[in-house]
Amino acid sequence: MAHERYNAPVREKHWQKIWDERQLFAAREDADGAKYYVLEMFPYPSGRIHMGHVRNYTMGDVVARAKRAQGFNVLHPMGWDAFGMPAENAAMERGVHPAEWTYANIDAMRGQLKALGLSLDWSREIATCDPDYYRHEQRLFLDFLDNDLVARKTAKVNWDPVDHTVLANEQVIDGKGWRSGAPVEQRELTQWFFTITKYANELLQALDGLDRWPEKVRIMQRNWIGKSHGALVRFELNGAPDDHAVLPVYTTRPDTLFGASFCALAPDHPLSLSLAESDEKLGAFIEECQRTGTSEEDIETAEKQGYDTGLTATHPFDPNWQLPVYVANFVLMDYGTGAIFGCPAHDQRDLDFARKYKLPVTPVVIPAEADPASFEVGDEAYIGDGRLANSKFLDGLDVDSALDSAIARLESQQVGRERQGERRTNFRLRDWGISRQRYWGCPIPMIHCDDCGVVQVPRADLPVTLPEDVTFDTPGNPLERHPSWKDVACPACGKDARRETDTFDTFVDSSWYFARFCSPRSDEPAARNAVDYWLPVDQYIGGVEHAILHLLYARFFTRAMTATGHAGVEEPFAGLFTQGMVNHETYRDAEGGWVNPADIRLEGEGKSRHAVAIETGAEIEIGPIEKMSKSKHNTVDPEDIIARYGADTIRWFMLSDSPPERDVQWTEAGVEGAWRFVQRLWRLIDEAADGAAQIGSVPENASEGPALDLRRATHKTIHSISADLDALRFNRAVAHIYEFVNTLTAAAPKLKSDAALREALDNLTIMVAPMMPHLAEECWLRLGHDTLVADQPWPQADSALIVDDTVTIAVQVNGKRRDELTIARDAAKEDVEAAALNLDNVMKAIGDKKVKKVIVVPQRIVNVVA
RNA sequence: GCGGACGUGGUGGAACUGGUAGACACACAGGACUUAAAAUCCUGAGAGGGAAACCUCGUGGGGGUUCGAGUCCCCCCGUCCGCACCA
């Protein structure tokens, strides 16, 4: 019979329809088996999926399908992170309404995802821009507000003075508005915050328990939270305005107080601003500091600069010691208290500053190996350990004891009615500002009343929906200038009042969607029975770019939801996996213009490898391998690949070769290799199926010879692939499948009527199914089954078959491999040693040397020391 | 500057707690089939030497521990990522 090619595009549609009709992947809370919640980070509906999505969702799908086969009750949902600026940009550029644009994109992307054959429960689909979703978000906000997890305070925003609009950070390019090109100003605006800092310590501590998270992500979060131990020190000021008689300063090194030579304030410190009112030069200095951009290179190249205020601060341990007080550009207002004391000998920044302004540099911590009398600090501050010197009551102490003593002394002294200082723990983490002055986001459900102040929208009035009749032809917030939307009666007094026109940061939307998926149509944000059953997410998969903000916010939100009774867990994601990016080579023509990969042909290899333009034959320069991006023209559209090769091919390629956490390089040759394998696997099954169909599927235990060898290979493969998939080592699972198919292809013609063949083919199909689900169904059908492979339980490896009776071990002489030895697995050490010494190559290598020692590691190695 | 990851053939990568380095794939070369091509199948291959059996070298570089090191320790080089004046 002539072999027919597997027609992927046609058969994939067929199987997708069948899965769909049977609602195979609909999750239920009452099903049997332990639950397993697999989630991939939901996409922003940009309109088209890209290779990153394909990689991400393929991995998640393999996990979901494998867990399902292993008997777990799996939840694997999908939704849309649908609010955000691109929709507003589209509205401005093309006059299409953000909602219309977004929903059209969702439809297009849903179709593309469905074409990938993902085992998703589409009945749980949610879009964050849907009022049915965001009304619950508003409700959560109000509940958080009632539980003191929301604050209203001022914060800086990027203000475009030409467009009269607030800009997001990514809209500020080189300090200028992306649209107007005008220099961006910092403006103080009253905004809403989630008080994530209340959980700072808990969010930090709990990282230790997240043992199924990548260490790298935990470190990043730890650094972001940035806990430090130190002290608050209150300096008495001389010559300052009355309300600034005391200057609080945060330091991690109160032990070095005797090395202090100045104090410094942030340019935007209240005291700096107050002094500037009567000091024009200071005002100019502050303005200059604020003008210095916040871009990385600005900070890096900025010189330490200061302005002497003329005030002095009294040293806490010596009333006769006065320190000059500067305003300095390197002091940050939003860390600590916005003021520092400078100890140049033991802090590099302070040292740079002191050298510039000729301030004293007194070492007070002396390294153990240095001589206290002569130890000096040059261009480098000494931040290491040592003994205190030049420090009166601290002299001779080590750093740790000195810290304690200094703090104890500060706590015992008074400045005015307060203590001079106290132990203090500080965090880098700041409260999460959630106000965005934009249209396409979830409205913040608050009302401003002249008489009652800021009032909540009553829960019964939720959702506060976005008005549809908005215009984007002028800059600024459309909600702000809408003729009537913000007009509302005050819920408290009934007087005319105004709605809050800010909307939520879109990170809010994605901070609880995993909880919503548990009960996507519930009247509550989350039905407790559902979240209690499904949460936490057992395996969360996404890009590292969300290692900090999204994951930290989601962790906060989960705690806040639990605090307000909406959930019962502290941590949302028990397991996290961050997958690498999809890269592609870049190509440029002689003029330096980017060239599409589809327009070139690669020739040669190694040093002679080069590219030519298909159309003109012109030489094309092969550039570096970079993340796929439109600007570099090195993207490949998944839809094209699916149309040409089918979903299984693209899935298989995404899982092959590269370890999932690392970047993968997209190559045309790689895809073709994957496609060839699809055909090869189909051919193997197709050709063996008629014979196999005659055989019962239960192998005879009495198998021997080639049949037994095949059974061993089958069970070894089951063993390794199970382990590979459990550990998300997809590339190794792929390699093991290849290896097994190679073995099976060789064995099949000889074992036409043996049950071992049947066992091998069936199990191969089941194991391939999570990775190439459509082809697996096709093979399963061809093998004569009337069930779906998606419903088959995962095979169990027979432990008797995964170990061989004999082992081949290497024999070394003086650490160099000289021969190998095949011997009974359970052979006695002495027998192994004797057999090894008897090998020709071994005897030759020993020569006339004397055997000093023979190391025998059973089942591993023999090493003869001569 | 601080923190982290990584470095293995022409390429992507295997190698579990130290135990036959290069599995598997891609690319390549030779062969079979074909009028021819595609597809497919078989074979070869880390480098150097040798007709071969084999030998020598070899996991970024240099030291060390060990019977034995890609794996552990120290120093250096390179690439990538995160944070960045955080007191």
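Heavy atoms only: backbone and side chains are in, while hydrogens, waters and symmetry mates are out. Residue numbers start from 1 in every chain, and the chains themselves are labelled A, B, ... in the order their sequence lines are given, proteins ahead of strands.
Proximity of A:V361 to A:S261: side-chain heavy atoms (C-beta onward) are nowhere separated by under 4.5 Å.
Defined by atom type and a distance below 3.5 Å, a donor-acceptor pair is missing between the side-chain atoms of A:Q812 and A:R818. The closest side-chain donor-acceptor pair between A:K227 and A:N201 falls under 3.5 angstrom. Side-chain contact of A:T808 with A:T822: a donor-acceptor pair under 3.5 Å is present, judged by distance alone. A side-chain donor from one of A:Y587 and A:E585 sits under 3.5 Å from a side-chain acceptor of the other. A donor-acceptor contact under 3.5 angstrom links the side chains of A:R555 and A:Q221, judged on distance only.
Closest contact between the side chain of A:T252 and the listed nucleotides B:U40, B:G19, B:A87 involves B:A87. Candidate nucleotides B:A87, B:A25, B:C67 were compared by shortest atom distance to the side chain of A:L332, and B:A87 ranks first. The side chain of A:N742 sits closest to B:C24 out of B:C24, B:G82, B:C86. Comparing B:G13, B:C85, B:C86 by their closest approach to the side chain of A:F330 singles out B:C85. Residue A:N863 places its side chain closer to B:C67 than to any other of B:U20, B:C67, B:G3. Minimum atom distance to the side chain of A:R818 is reached by B:U56, of the listed B:U56, B:C16, B:C83. With B:A84, B:C54, B:U20 as the candidates, the nucleotide lying closest to the side chain of A:N841 is B:C54. When distances are taken from the side chain of A:K853 to each of B:G3, B:C67, B:U17, the shortest belongs to B:C67. Side-chain proximity of A:K304 to B:C83, B:U17, B:C85: nearest is B:C85. Of the listed nucleotides (B:A23, B:C16, B:C86), B:C86 has the atom at the smallest distance from the side chain of A:Y335.
Taking the P atoms as reference points, B:G4 lies 22 Å from B:U8, given to the whole Å. B:A5 and B:C72: their P atoms are spaced 12 Å apart (whole Å). Rounded to a whole angstrom, the distance from the P atom of B:G68 to that of B:A21 is 14 Å. For the P atoms, the distance from B:G18 to B:G62 is 24 Å, rounded to whole Å. A gap of 24 Å separates the C1' atoms of B:G48 and B:A69, to the nearest Å. Here, B:C77 and B:G63 have their C1' atoms 15 Å apart, quoted to the whole Å. Between the P atoms of B:A52 and B:A45, the separation comes to 12 Å (whole Å). The gap from the P atom of B:C6 to that of B:C73 amounts to 12 Å, rounded to the nearest Å.
Base pairing annotation: B:C33 forms no Watson-Crick or G-U wobble pair, as no partner gives both donor-acceptor distances under 3.5 Å. As the counterpart of B:G58, no nucleotide is assigned, since no Watson-Crick or G-U wobble pattern has both distances under 3.5 Å. Both distances falling under 3.5 Å, in either a Watson-Crick or a G-U wobble arrangement, place B:G44 opposite B:C28. Across all strands shown, the partner of B:C6 is B:G78, judged by Watson-Crick or G-U wobble contacts whose two distances both fall under 3.5 Å. Pairing for B:A39 is absent, with no Watson-Crick or G-U wobble pair whose two atom distances lie under 3.5 Å. The pairing partner recorded for B:C83 is B:G1, the criterion being a Watson-Crick or G-U wobble arrangement whose two distances lie under 3.5 angstrom. Across all strands shown, the partner of B:C72 is B:G64, judged by Watson-Crick or G-U wobble contacts whose two distances both fall under 3.5 Å. Under the Watson-Crick and G-U wobble criteria, each requiring two contacts below 3.5 Å, nucleotide B:G22 is left unpaired.
Using a 4.0 Å heavy-atom cutoff across all strands shown, A:V865 reaches sugar-phosphate atoms only and no base atom. Nucleic acid contact for A:V331: base, since at least one base atom lies under 4.0 Å from a heavy atom of the residue. If you check every strand for non-hydrogen atoms under 4.0 Å, A:K852 touches nothing. Nucleic acid contact class of A:E820 (heavy atoms, under 4.0 Å, all strands): base. Among the protein residues, A:S658 comes within range of the sugar-phosphate backbone only, with heavy atoms under 4.0 Å from sugar or phosphate atoms but none that close to a base. Among the heavy atoms of the strands lying under 4.0 Å from A:T808 is at least one base atom, whether or not backbone atoms are also near.
With the nearest nucleotide of RNA chain B identified for both A:V734 and A:E661, A:E661 has the one nearer the 5' end. Heavy-atom nearest nucleotides on RNA chain B were determined for A:R662 and for A:A674, and the one closer to the 5' end corresponds to A:R662.
With rounding to whole Å, A:N223 atom CG is found 18 Å from B:G1 atom P. Atom pair A:D268:CG and B:C86:P shows a separation of 16 Å (rounding to whole Å applied). Between the P atom of B:G7 and the CD1 atom of A:I625 lies a distance of 16 Å, rounded to the nearest Å. Rounded to an integer number of Å, the gap from A:Y738 OH to B:C24 C1' is 8 Å. Going from atom CD1 of A:I219 over to atom P of B:A5 covers 6 Å, rounded to whole Å. As a whole-Å value, the separation of A:R860 CZ from B:U71 C1' is 13 Å. The distance from atom NZ of A:K227 to atom P of B:C83 is 23 Å, rounded to the nearest whole Å. Atom CD1 in A:I383 sits about 14 Å away from atom C1' in B:C85, given to the nearest Å.
Between A:Y326 and A:Y307, the distance from one ring center to the other does not fall under 6.0 angstrom. For A:Y738 and A:W652, the distance between ring centers is under 6.0 angstrom. Checked against a 6.0 Å centroid threshold, the rings of A:F262 and A:Y357 do not count as neighbours.
Residues satisfying the salt bridge (Lys or Arg N to Asp or Glu O under 4.0 Å) criterion with A:D663, sequence neighbours excluded, are absent altogether.
For NE2 of A:H315, the number of neighbouring non-hydrogen atoms (other residues, nucleotides, ligands) closer than 6.0 Å is greater than 12.
For the pair A:R676 and B:A27, the criterion of a side-chain N or O lying under 4.0 Å from OP1 or OP2 is met. Look at A:N731 and you'll find a side-chain N or O under 4.0 angstrom from OP1 or OP2 of B:A14.
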Every protein N/O lying under 3.5 Å from an N/O of nucleotides 41-45 of chain B:
none

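Under a 4.0 Å N-O distance rule, the pair A:K750/A:D709 does not qualify as a salt bridge.
The base of B:C81 is not paired with the side chain of A:K216 by any donor and acceptor separated by under 3.5 Å.
An anti orientation is assigned to B:G82, its glycosidic angle lying beyond 90° of 0.
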